[in-house]
**Q** 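Quick one: the structure is below, questions incoming.
Since we're looking at a predicted model, the values are computed, not measured.
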Protein chains: 2
Amino acid sequence: MEHAQEALFRPVRAGNAFEETVERLMQSIRLGVVAPGERLPSERELATRLGVSRVTVREAIRSLQENNYVESRRGRYGGTFVNAEIPKPAPGKEFGDIHDALTLRKVLETGAAETAAGRSLGPSERRGLRAHLEEASTASLAEYRRKDSRLHLAIAEATGSASLTAAVAESRMRANELLDSIPLLEPNLVHSNAQHERIITSILDGDPASARQAMAEHLDGTASLLRGFLV
Amino acid sequence: MEHAQEALFRPVRAGNAFEETVERLMQSIRLGVVAPGERLPSERELATRLGVSRVTVREAIRSLQENNYVESRRGRYGGTFVNAEIPKPAPGKEFGDIHDALTLRKVLETGAAETAAGRSLGPSERRGLRAHLEEASTASLAEYRRKDSRLHLAIAEATGSASLTAAVAESRMRANELLDSIPLLEPNLVHSNAQHERIITSILDGDPASARQAMAEHLDGTASLLRGFLV
DNA sequence: CTCCAAAGGTATGTCAGCGAGCCATTGGCC
DNA sequence: GGCCAATGGCTCGCTGACATACCTTTGGAG
């Protein structure tokens with residue numbers, strides 16, 4: 001009986017079904033899985049996939065509408081569409097959370113890069129990674145965070161592990177909440193793109209050690225930026 | 001719109017409150033956080049910490065009683081106690097799950113070992129790690145899986161990241177379900193203890209690269225054992 | 001032009017899970 | 001010997017979430 005219990009006896013549910021559904025939809029939008037102008041899956045489909053009732057999905061979507069994240073249109077070929085401009089969430093985190101979030105992120109993402117580099121990737125996966133790299137490198141400041149996240153998620157997907165991808169998505173969401181509270185500058189972006197290039201090249205070349213190394217440096221960059229701004 | 005959605009649009013809840021509560025309590029027992037003969041926290045305390053009602057906690061405990069995991073005694077100094085002999089769960093997994101579970105486990109645990117080695121640990125943490133190592137090395141075949149898990153959890157705790165610890169616990173649970181379906185032999189155990197020794201030594205010496213390396217070898221051992229038995 | 005498939009919008013009855021309170025049992029403390 | 005604190009055991013009313021069914025809107029296909 002000691003403090004490993006703190007991890008195991010934590011609350012079984014992060015929130016109620018409504019809150020968790022909002023959270024997921026927000027993630028899809030903020031991480032750029034559904035881009036501005038694109039349509040979310042239909043309410044019925046979301047209800048099935050998220051494992052909640054359609055009523056709950058609709059309440060969640062309503063909440064996103066009220067916060068100007070999405071708009072819904074009726075009729076065939078209607079649906080719920082992501083707005084071009086999405087609002088920024090209110091920041092404000094505790095310090096302990098920062099260490100926790102950054103530690104988990106580093107473990108997951110360096111591991112994902114290494115694992116992806118160690119697999120033999122198919123042509124479509126290789127093409128996908130290159131495409132996401134290109135997308136991120138040509139992104140404007142406004143789009144950057146979203147396309148950056150899409151790239152990192154693509155790397156996680158390339159591991160072939162669904163639960164690792166899910167873990168990266170969640171960890172990234174937490175990290176982005178922190179990153180949103182500091183400015184994103186042109187030089188950071190150039191530097192970041194160069195690092196992305198190294199990471200993806202290492203993965204495509206099948207060099208796990210170098211992929212891990214490159215990802216570690218990439219993450220350490222934003223991590224120290226964050227600690228500098230927030231401490 | 002592509003298949004990163006599979007990770008983000010997965011079900012929001014793993015099961016109902018009852019099922020998730022049973023799962024957590026089972027984890028505490030199987031991972032050895034509460035050892036045979038020891039007492040679980042009181043129902044009221046569990047209800048608070050797990051964030052569910054006491055009714056739900058009691059239903060979960062009832063379920064564990066019916067499956068001979070625990071026994072409850074009334075009165076002051078009573079409580080719910082873990083039985084000396086706990087039953088094995090029914091095995092039976094899909095192959096895709098194995099790759100998924102082992103990939104996540106390797107990423108999390110090698111990352112945890114590396115991170116723990118990179119921190120400056122306090123005296124009590126160092127003592128704790130040594131104690132868990134000793135426990136595992138002197139464990140009988142029957143106790144081994146439990147004490148092994150406790151050691152690995154202690155390593156995760158040594159990272160100072162609660163969410164990393166929680167992730168390791170969950171991942172380990174999944175891996176153990178698989179491992180329970182293959183025999184545990186004396187030679188494996190000796191080999192495993194030697195590897196534990198290397199891992200802990202590297203962590204206490206503050207050598208991250210070597211800690212990662214040792215953990216990777218340790219995990220690869222059981223991973224290939226598993227693939228051999230189940231494929 | 002009409003039809004109808006597919007999308008969002010609405011209403012209703014049911015039930016799991018919750019909160020809160022009380023009861024029953026036990027064993028150490030005074 | 002009696003008290004009482006802390007445990008598990010039990011009940012009841014309330015509410016969030018669910019399943020299901022139906023309505024309304026829309027735009028392409030025939």
**Q** Axis-to-axis angle across the helix from dC1(C)-dG30(D) to dC30(C)-dG1(D), five pairs an end, to 10 degrees?
**A** 0°
**Q** Any side-chain donor-acceptor pair under 3.5 Å between R174(A) and S163(B)?
**A** yes
**Q** Could you give all pairs that pass the ring-ring contact (aromatic ring centres under 6.0 Å, His included) test and reach residues 22-46 of chain B, with sequence neighbours left out?
**A** none
**Q** Could you check whether H196(A) and H152(A) have their ring centres less than 6.0 Å apart?
**A** yes
**Q** Just checking, is any N or O donor in the side chain of D148(A) or S192(A) under 3.5 Å from an acceptor N or O on the other one?
**A** no
**Q** If you measure only the distance, is there a donor-acceptor pair under 3.5 Å linking the side chains of R172(A) and S149(A)?
**A** yes
**Q** Should T56(A) be listed as having a side-chain N or O under 4.0 Å from OP1 or OP2 of dC18(D)?
**A** yes
**Q** Just how far, in rounded Å, is C1' of dC3(C) from CZ of R76(A)?
**A** 11 Å
**Q** With a non-hydrogen cut-off below 4.0 angstrom, is R73(A) in contact with a base, only sugar-phosphate, or nothing?
**A** sugar-phosphate
**Q** From C-beta outward on R44(B), which listed nucleotide comes closest to its side chain: dC18(D), dC18(C), dG9(D)?
**A** dG9(D)
**Q** Tell me whether the OP1 or OP2 atom of dG8(D) has a side-chain N or O from T80(B) closer than 4.0 Å.
**A** yes
**Q** Side-chain atoms of residues 57-66 of chain A: list all donor-acceptor pairs with protein atoms under 3.5 Å, sequence neighbours left out, distances to 0.1 Å.
**A**
unit_1 : atom_1 : unit_2 : atom_2 : d
R58(A) : NE     : E43(A) : OE1    : 2.9
R58(A) : NE     : E43(A) : OE2    : 3.3
Q65(A) : NE2    : S72(A) : OG     : 2.6

**Q** How many Å lie between CZ on R54(B) and C1' on dG19(C), as a whole number?
**A** 12 Å
**Q** Could you give the CD-to-P distance, from E59(B) to dC18(C), as a whole number of Å?
**A** 9 Å
**Q** Closest to the R58(B) side chain: dC22(D), dA20(C), dG8(D)?
**A** dG8(D)
**Q** Heavy atoms from C-beta onward define the side chain here; which of dG8(D), dA20(C), dG8(C) lies closest to that of R74(A)?
**A** dG8(C)
